[in-house]
Amino acid sequence: MDALGSTTELIQDFQDLCQSLSGFVRISSTDGNTPEQAKVGGHALLLLMKCRSDLLVGSLNLLRGYQGNSLRFLRGAIEACAYAAAMKKNPDLMDLWLKAVDSDADYKAFRRKFTGKTLFLPDDPLLQELYQSFDHCSQMIHNSVYSM
């Protein structure tokens with residue numbers, strides 16, 4: 001711990017930041033949101049918590065010197081954010097996401113809609129920036145020449 005110095009404090013700062021973000025997600029329909037907006041908020045919160053978990057575990061892996069493992073978690077965190085953004089733009093995707101476990105056909109329908117081309121829309125600069133990191137992580141974790 002002494003060798004890492006204040007680096008370990010970054011993990012706690014990061015965790016505190018992610019915890020505070022959940023307060024920005026509106027779930028209650030009594031706050032003036034429609035039931036559909038409240039449903040989107042609930043799904044976004046679930047995905048935010050997955051993102052938080054992946055980023056925390058990825059950071060811990062990186063601090064332990066396991067860069068390859070950390071990239072797997074970073075990719076998952078980015079993907080969770082992209083899923084939340086896609087559902088916010090198109091609430092119909094929530095049901096598709098939820099039904100993906102119901103059958104092979106439902107899973108295939110989910111995979112068609114939740115791909116890089118549909119998640120990281122070219123008209124969204126933030127999603128495009130996330131896509132660059134997502135793509136880099138994909139190159140590094142798949143069995144390609146990049147990962148060797």
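Numbering starts at 1 and runs along the sequence shown.
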| query | Excluding sequence neighbours, so at least two apart, what forms side chain to side chain contact (heavy atoms under 4.5 Å, CB included) with Ile141? | reply |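 Only Leu71, Arg72, Arg75 meet the side chain to side chain contact (heavy atoms under 4.5 Å, CB included) criterion with Ile141.
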A quick test of your reading: do over 12 heavy atoms of other residues, nucleotides or ligands sit less than 6.0 Å from [atom1] of [X]?
X: Gln139; atom1: CD; answer: yes
X: Gln67; atom1: CD; answer: no
X: Tyr131; atom1: OH; answer: no

Let me confirm one number: the [atom1]-[atom2] distance from [X] to [Y], rounded to the nearest 0.5 Å.
X: Asp124; Y: Leu119; atom1: CG; atom2: CG; result: 11.5 Å
X: Lys113; Y: Asp92; atom1: NZ; atom2: CG; result: 9.0 Å
X: Leu46; Y: Met94; atom1: CG; atom2: CE; result: 11.5 Å
X: Asp106; Y: Trp97; atom1: CG; atom2: CH2; result: 14.5 Å
X: Leu98; Y: Met87; atom1: CG; atom2: CE; result: 7.0 Å

| message | Taking transitive links into account, so neighbours of neighbours count too, which hydrophobic residues share a cluster with Leu126 at under 4.5 Å side-chain distance? | response |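 Direct or chained contacts put Leu126 with none.
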| field | Option passing side chain to side chain contact (heavy atoms under 4.5 Å, CB included) with Asn69 (candidates Leu60, Leu62, Leu74, Asn61) | value |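 Exactly one option meets the side chain to side chain contact (heavy atoms under 4.5 Å, CB included) with Asn69, and it is Asn61.
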What are the two closest heavy atoms between [X] and [Y], and how far apart are they?
X: Ala77; Y: Leu55; result: CB-CG, 3.6 Å
X: His142; Y: Ser138; result: ND1-O, 2.7 Å
X: Cys81; Y: Cys51; result: SG-SG, 3.5 Å
X: Ser133; Y: Ile78; result: CB-CD1, 3.6 Å
X: Phe114; Y: Leu96; result: CE1-CD2, 4.4 Å

| Linking I/L/V/M/F/W/Y whenever their side-chain heavy atoms sit closer than 4.5 Å, directly or via other members, would Leu93 and Tyr107 fall into one cluster? |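 The answer is yes; both residues are in one hydrophobic cluster.
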| Applying the 4.5 Å side-chain criterion to the ILVMFWY set and letting contacts propagate, would Phe73 and Leu48 be lumped into a single cluster? |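 Not linked; separate clusters.
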| query | Which class fits the ring pair Phe120 and Phe134: parallel under 30°, tilted 30 to 60°, perpendicular over 60°? | reply | tilted
| said: Applying salt bridge (Lys or Arg N to Asp or Glu O under 4.0 Å) to Asp104 and Lys108, what does each step give before you reach the verdict? | reply: CA-CA 6 Å; Asp104 287 341; Lys108 287 177 184 175; over 6 Å; no
| field | pair Leu127-Lys89: side-chain heavy atoms closer than 4.5 Å | value |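 Leu127 vs Lys89: side chains touch.
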